[in-house]
Amino acid sequence: MKWSKLVKLEAPIVIIGSGLAGYTVIREIRKLNQEIPVTLITREPAYFYSKPMLSTAIAGRKEPMQLITGSREDMAAQLGITILAQTEVTAIDIKNQIITSAQGNISYTKLVLALGADQIRLPLQGDAADQVISVNDLEEYRSFRERITNKKRIAILGAGLIGTEFANDLIAGGYTVDVIDLANQPLGRLLPPSAAAELKRELANAGVSWHFETTIETITHHQDALLIQLKNGVQLVSDVVLSAVGLRPRTTLAKLAGLNTNQGIRVNRRLETSAPQVYALGDCAEVDGLVLPYVMPLMQAARALAPNLLGEEVTVLYPAMPVMVKTPAMPIVVSPPAKDAVGMWESTAQEGGMKACFKSATGKLLGFALVGTATTERAALAKLLPPVLI
Ligand SMILES: Cc1cc2nc3c(=O)[nH]c(=O)nc-3n(C[C@H](O)[C@H](O)[C@H](O)COP(=O)(O)OP(=O)(O)OC[C@H]3O[C@@H](n4cnc5c(N)ncnc54)[C@H](O)[C@@H]3O)c2cc1C
């Protein structure tokens with residue numbers, strides 16, 4: 001559907017963003033109400049895919065476009081919604097409840113921001129610094145897969161969840177992989193040193209070369225490859241450099257509209273921003289002070305937001321939400337303790353794995369990391385954890 005610049009569309013519920021957050025909240029709305037008009041606006045092509053599959057597609061022998069499980073047309077028909085795809089939203093007029101998009105103005109009764117997050121780009125030096133790529137959606141992943149076709153060597157900047165999962169997947173695809181991180185272990189923000197050591201060892205055995213406690217100084221063209229000069233003096237030659245150093249919630253649109261933002265777009269437990277009738281969820285949102293860029297929190301948020309959009313009063317609950325690290329060389333499930341939790345890690349090795357529990361002085365379980373064979377204890381231990389938001 002094409003909207004002329006002069007056309008003004010009116011829609012009771014408008015959602016911006018076609019990622020898991022946007023589509024999940026629409027599914028939750030449709031469970032409760034099949035009639036209410038919903039318009040989805042997105043700068044992506046609006047197909048549906050599961051983003052976590054991006055870091056396991058090579059081992060799963062999937063081409064990027066095979067990850068799509070619903071086209072724009074499928075999604076519009078299945079959910080009974082209007083979709084404006086490849087349409088950037090450039091402004092929100094809170095007072096008059098109108099958004100400005102590349103295809104015209106749209107007035108809303110309730111607006112949901114499901115804008116996601118951007119990959120952080122480090123300012124790198126060298127004549128090939130602009131060759132560094134990052135992956136945070138399917139289109140970027142498709143370019144990445146094109147870039148690595150017929151190449152052998154990949155360097156990954158960042159040993160967090162995304163960098164480490166890509167490292168494992170690329171090794172499985174026969175690539176030579178170097179991973180560089182300022183920290184002294186993989187998944188520094190999620191794992192205790194004991195669990196990280198297991199992951200580091202198993203991925204090294206699988207072929208990953210780790211470069212910890214250093215970063216990239218320069219990237220320069222070198223014959224038909226890239227020369228990476230690390231701060232610790234080591235030089236690497238690679239065909240492609242993938243940056244995965246972290247995410248920054250997309251807050252610009254909200255800031256321009258005058259909404260309260262902090263690390264993310266600030267929302268309360270009903271997912272309401274500081275502006276009336278404007279809500280946020282997913283990677284762009286900071287829910288009651290928490291930015292949790294994972295699938296489980298956005299699903300919990302979508303379940304609470306849908307009834308709120310339909311006139312009920314529901315607050316979001318976050319139970320303990322363990323994250324599965326998709327590293328088949330050494331699978332891990334982790335539920336890190338809250339930032340202000342007081343306690344200690346206790347690690348127990350077992351055949352083919354290890355269990356690390358973060359316990360308070362009174363022995364209460366506040367977090368865990370399960371490695372290898374210990375991942376079978378995930379459900380039992382998750383039940384013992386305190387909720388993240390009651
Ligand atoms: C490789 C990878 C692996 C992952 N694995 C896991 C995992 O195993 N487990 C887990 O829990 N989490 C995982 N995650 C995180 C998880 O995928 C994200 O938390 C989740 O997909 C975020 O969804 P979202 O809808 O909030 O954001 P996004 O998917 O980023 O969607 C944002 C949407 O907003 C649109 N948009 C933004 N600005 C505008 C604008 N101005 N106008 C119009 N449209 C706009 C974008 O086009 C996009 O459609 C992984 C992430 C990656 C990258």
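Numbering of ligands and ligand atoms starts at 1, following listing order. Hydrogens, waters and symmetry mates play no part in the numbers below; they use all other heavy atoms, side chains included.
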Heavy-atom pair of closest approach, residues Leu187 and Gly160: CD1-O, 3.5 Å
Min N/O separation Ala114 to ligand 1 under 3.5 Å: yes
Leu54 N/O under 3.5 Å from ligand 1 N/O: no
Shortest protein heavy-atom distance from [atom], along with the residue and atom involved:
| atom | result |
| --- | --- |
| atom 23 (O) of ligand 1 | Leu298 CD2, 3.7 Å |
| atom 16 (C) of ligand 1 | Val295 CG2, 4.0 Å |
| atom 19 (O) of ligand 1 | Asp283 OD1, 2.7 Å |
| atom 14 (N) of ligand 1 | Pro52 CG, 4.3 Å |
| atom 8 (O) of ligand 1 | Lys326 NZ, 2.5 Å |
| atom 45 (C) of ligand 1 | Arg43 CG, 3.8 Å |
| atom 3 (C) of ligand 1 | Ser55 OG, 3.5 Å |
| atom 41 (N) of ligand 1 | Val89 O, 3.1 Å |

Numbering the atoms of ligand 1 from 1, which are under 4.0 Å from a heavy atom of [X]?
| X | value |
| --- | --- |
| Thr42 | 43 (C), 44 (N), 47 (O), 49 (O) |
| Asn136 | 53 (C) |
| Glu88 | 41 (N), 42 (N) |
| Pro293 | 15 (C), 19 (O) |
| Gly282 | 26 (O) |

Quick one: does ligand 1 sit under 4.0 Å from the side chain of [X], the backbone, both or neither, non-hydrogen atoms only?
| X | result |
| --- | --- |
| Ile16 | side chain |
| Ser101 | neither |
| Thr87 | backbone |

For [atom], which of the options [options] provides the nearest non-hydrogen atom?
| atom | options | answer |
| --- | --- | --- |
| atom 24 (P) of ligand 1 | Ala21, Ala85, Ala102, Pro297 | Ala21 |
| atom 31 (O) of ligand 1 | Ser18, Ala57, Gly19 | Gly19 |
| atom 28 (P) of ligand 1 | Lys51, Glu140, Glu44, Gln119 | Lys51 |
| atom 32 (C) of ligand 1 | Leu161, Leu115, Asp137 | Leu115 |

Decide whether [X] and [Y] meet the rule of one side-chain donor and one side-chain acceptor closer than 3.5 Å.
| X | Y | result |
| --- | --- | --- |
| His211 | Asp178 | yes |
| Glu165 | Ser55 | yes |
| Gln350 | Thr373 | yes |
| Asp74 | Gln78 | no |

Separation between CD1 of Ile228 and CD of Glu217, rounded to the nearest 0.5 Å: 12.5 Å
Distance, nearest 0.5 Å, that separates NZ of Lys355 from CD of Glu377: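 Taking NZ in Lys355 and CD in Glu377, the distance rounds to 4.0 Å.
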Pairing of Asp118 and Arg248 as salt bridge, 4.0 angstrom limit: no
Partner of Asp239 by salt bridge (Lys or Arg N to Asp or Glu O under 4.0 Å), out of Arg153, Lys151, Lys152: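 With Asp239 as partner, Arg153, Lys151, Lys152 yield a single salt bridge (Lys or Arg N to Asp or Glu O under 4.0 Å), made by Arg153.
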Test: Arg142 cationic atom under 6.0 Å from Tyr47 six-membered ring centre, within 45° of axis: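 No.
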For Phe212, all residues meeting ring pair (Phe, Tyr, Trp, His ring centres under 6.0 Å), sequence neighbours excluded: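 Ring pair (Phe, Tyr, Trp, His ring centres under 6.0 Å) check on Phe212 returns Trp210.
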Minimum side-chain heavy-atom gap Pro319-Met321 below 4.5 Å: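 Counting from C-beta outward, Pro319 and Met321 do come under 4.5 Å.
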For Pro249, the option from Thr261, Val291, Asn262 that meets side chain to side chain contact (heavy atoms under 4.5 Å, CB included):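 Looking at Thr261, Val291, Asn262, the match for Pro249 under the side chain to side chain contact (heavy atoms under 4.5 Å, CB included) is Val291.
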Heavy-atom gap Thr252 to ligand 1 smaller than 4.0 Å: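 Heavy atoms of Thr252 never come under 4.0 Å of ligand 1.
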Plane angle bin for Tyr141 and Phe166 - parallel if under 30°, tilted between 30 and 60°, otherwise perpendicular: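 Plane angle under 30°, so parallel.
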